[in-house]
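Structure record follows, encoded as structure tokens.
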Amino acid sequence: MPTNTPYKNILVSGGAGFIGSNFIHYWLKKYPDTNLVNLDALTYAGNLENLKEVENLPNYKFIQGNILDRQLVNEIMPGIDLVVHFAAESHVDRSILEPAVFLETNAIGTQVLLEAALKNKVKRFHHISTDEVFGSLELESDEQFNDQTPYDPRSPYSASKAASDHLVRAYGETFGLPYIITNCSNNYGEYHFPEKLFPLAITNLIEGKKIPVYGDGKNVRDWLYVQDHCSAIDAVLHRGENAETYLVGGLTEDISNLEIVKMIINLMGESEDKIEFVKDRLGHDRRYSVDWSKLNKKLDWKPDVTLEEGLTKTISWYKNNPQWWQPLKEKSQEFFKINYKQG
Ligand code: NAD
Ligand code: DAU
């Protein structure tokens with residue numbers, strides 16, 4: 001990995017969220033001579049507690065604002081040479097309850113950033129997307145997603161992310177905006193909002209509660225430790241080719257949600273009677289699996305952290321930081337009540 005970078009002035013959108021804040025820590029440690037602006041609306045998922053260690057750095061600036069605010073985005077963009085676009089509504093279950101904001105932020109918000117980036121001739125627009133745009137694979141098949149897989153989004157979340165990917169390519173093809181898209185699998189690690197499976201399971205166990213498992217628990221995800229995602233973005237920013245798409249995945253062979261939950265239970269010394277099967281998610285994608293060999297062959301990237309190592313670190317972080325997640329769970333009670341309503 002390089003230790004210097006051609007980018008001097010970076011705009012990160014959504015940097016107060018889970019992956020964005022991990023990326024800001026990663027970037028400012030590795031490239032301390034760059035200036036980084038973090039534009040984030042601080043929705044329920046945005047949290048400045050994630051950024052305490054960097055908030056006073058002279059080369060870091062936080063701006064609270066919405067990517068839908070064209071005037072603000074146009075004011076911020078001059079002088080920026082790299083945009084790393086994380087800002088999004090990211091939780092599938094919330095997209096089932098309230099789809100509209102997903103379309104607004106994920107599709108229109110992306111277009112606002114693209115327009116301003118084009119006008120200001122940025123060197124690169126890096127769009128962070130998801131493997132969910134490719135739809136659902138069969139259980140027990142050995143099929144994997146790659147950059148040629150046709151789009152087949154099946155939830156309002158993944159449809160809105162697919163729309164954003166199409167818009168990014170459209171700005172590249174039509175107007176010549178230099179861009180790269182990365183579609184990555186399920187991240188986990190520090191600062192993960194406790195509504196997603198891993199942090200929900202870990203914090204529920206700490207609180208003596210059960211872990212809700214949707215449907216039969218056989219659904220499969222491809223799990224990626226968030227620091228490995230950051231190193232993949234780094235590789236792509238510095239060695240990736242313009243107008244390319246790279247898929248980012250982790251070091252997991254097919255492992256079902258139920259098996260993962262049992263692994264968490266084991267690592268935390270709890271008992272399997274803490275599992276509670278609940279009503280399935282609507283349109284629940286069965287299986288994701290990511291072929292990241294293009295990133296490996298072309299850019300020499302690979303994930304480093306095994307699921308067991310990553311989970312062990314993550315569990316210990318949640319055990320040591322209840323002051324971080326307890327208030328977030330408290331504020332999410334209304335959502336939990338509606339989402340986990342049975343019948
Ligand atoms: P997150 O929900 O933790 O954080 C999203 C951040 O975006 C929050 O800080 C929020 O305040 C901000 N935001 C939301 N709407 C905004 C708006 N209109 N204007 C400005 N800021 C806004 O999400 P995450 O898990 O960190 O995901 C980051 C990106 O990575 C998203 O684009 C997501 O689609 C993508 N992604 C996530 C995963 C994953 O496993 N978490 C996997 C693949 C791709
Ligand atoms: O694949 C990448 C995607 O991963 C990202 O694009 C999304 O932003 C991110 O939220 C994540 O989506 P998932 O829906 O896969 O993640 P989640 O943690 O919500 O769910 C993981 C799996 O666990 C999924 O099969 C649903 C299941 N699940 C989830 C919750 C919250 C449960 O069984 N019980 C639960 O309570």
Side-chain angles (χ1 to χ4, degrees), residues 12-23 38-48 50-51 63-69 72-73 84-96 101-102 104-106 108-110 112-113 127-134 136 145 153 155 157-158 160-161 164-165 182-189 191-201 204 210-224 226 229 233 247-250 256-258 260-261 275-281 284-290 328 336 339-340:
V12 170
S13 73
F18 164 46
I19 307 175
S21 59
N22 275 286
F23 177 76
N38 173 14
L39 171 65
D40 195 299
L42 298 184
T43 67
Y44 79 96
N47 188 350
L48 292 180
N50 303 5
L51 294 158
I63 298 175
Q64 180 170 2
N66 198 309
I67 56 168
L68 288 160
D69 183 341
L72 176 67
V73 170
V84 188
H85 175 33
F86 294 94
E89 288 293 335
S90 70
H91 193 29
V92 174
D93 291 324
R94 289 186 191 254
S95 84
I96 295 166
V101 68
F102 282 73
E104 286 156 13
T105 290
N106 300 1
I108 310 290
T110 298
V112 173
L113 284 174
H127 181 55
I128 305 293
S129 192
T130 169
D131 60 355
E132 300 204 9
V133 297
F134 303 117
S136 180
F145 299 135
S155 74
Y157 165 69
S158 52
S160 67
K161 290 297 290 187
S164 69
D165 293 11
T182 45
N183 297 86
C184 85
S185 61
N186 284 62
N187 287 222
Y188 68 97
Y191 304 119
H192 202 182
F193 197 90
E195 63 185 356
K196 309 278 171 75
L197 180 63
F198 279 22
L200 184 72
N204 273 13
K210 294 201 171 195
I211 303 172
V213 172
Y214 293 159
D216 59 11
K218 290 188 181 153
N219 302 63
V220 169
R221 297 291 182 267
D222 180 313
W223 295 98
L224 171 71
V226 65
H229 186 191
I233 300 169
L247 269 63
V248 190
S256 71
N257 292 340
L258 188 57
I260 295 251
V261 163
I275 295 170
E276 182 178 30
F277 288 96
V278 300
K279 153 170 92 59
D280 207 355
R281 171 185 281 176
H284 195 175
D285 287 341
R286 210 46 170 153
R287 171 174 171 265
Y288 304 148
S289 179
V290 166
L328 304 181
F336 289 143
N339 192 54
Y340 294 99

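Counting convention: from 1, in listed order, for ligands and their atoms alike.
The closest approach between S164 and ligand 1 stays at or above 4.0 Å for every heavy atom of the residue. The closest approach between any non-hydrogen atom of K161 and ligand 2 is not below 4.0 Å. For the pair G65 and ligand 1, a heavy-atom separation below 4.0 Å is found. Ligand 2 lies nowhere less than 4.0 angstrom from a heavy atom belonging to F198. Using a 4.0 Å heavy-atom cutoff, C184 is listed among the residues neighbouring ligand 1. Not a single heavy atom of Y188 sits closer than 4.0 Å to an atom of ligand 1. Distances shorter than 4.0 angstrom do not occur between any heavy atom of L68 and any atom of ligand 1.
Between N186 and ligand 1, a contact under 3.5 Å exists for no N or O pair. Checked by distance only, ligand 1 and H192 stay at 3.5 Å or farther apart across all their nitrogen or oxygen atoms. In terms of N/O distances under 3.5 Å, ligand 1 is not approached by S129. Residue I67 has at least one nitrogen or oxygen atom sitting less than 3.5 Å from a nitrogen or oxygen atom of ligand 1, judged on distance alone. Distances between N or O atoms of H85 and those of ligand 1 include no value under 3.5 Å. When only interatomic distances are considered, the shortest N/O to N/O separation between T43 and ligand 1 falls below 3.5 Å.
Between the choices F18, F86, F198, the shortest heavy-atom distance to atom 25 (O) of ligand 1 belongs to F18. When the options L113, N38, D40 are ranked by their closest heavy atom to atom 11 (O) of ligand 1, first place goes to D40. Taking all heavy atoms of R286, H284, R287 into account, the minimum distance to atom 24 (C) of ligand 2 is reached by H284. Proximity annotation for atom 11 (C) of ligand 2: of V220, L258, N186, N187, N186 comes nearest, heavy atoms only.
Counting heavy atoms closer than 4.0 Å to ligand 2, residue E132 contributes side-chain atoms (C-beta onward) but none from N, CA, C or O. If you look at L197 next to ligand 2, the close heavy atoms, those under 4.0 Å, come from the backbone and the side chain alike. At a heavy-atom cutoff of 4.0 Å, ligand 1 is contacted by the backbone of S185 but not by its side chain.
The atoms of ligand 1 that sit less than 4.0 Å from any heavy atom of K161 are 31 (C), 32 (O), 33 (C), 34 (O).
Regarding atom 33 (C) of ligand 1, its nearest protein heavy-atom neighbour is Y157 OH, 3.5 Å. Among all protein heavy atoms, the one lying closest to atom 35 (C) of ligand 1 is I128 CG2, 3.9 Å. Residue, atom and distance of the protein heavy atom nearest to atom 9 (C) of ligand 2 are S90 O, 3.9 Å.
Between Y157 and F102, the two ring planes are perpendicular [angle over 60°; tilted spans 30° to 60°]. By the 30° and 60° cut-offs, the orientation of the rings of W223 relative to F198 is parallel.
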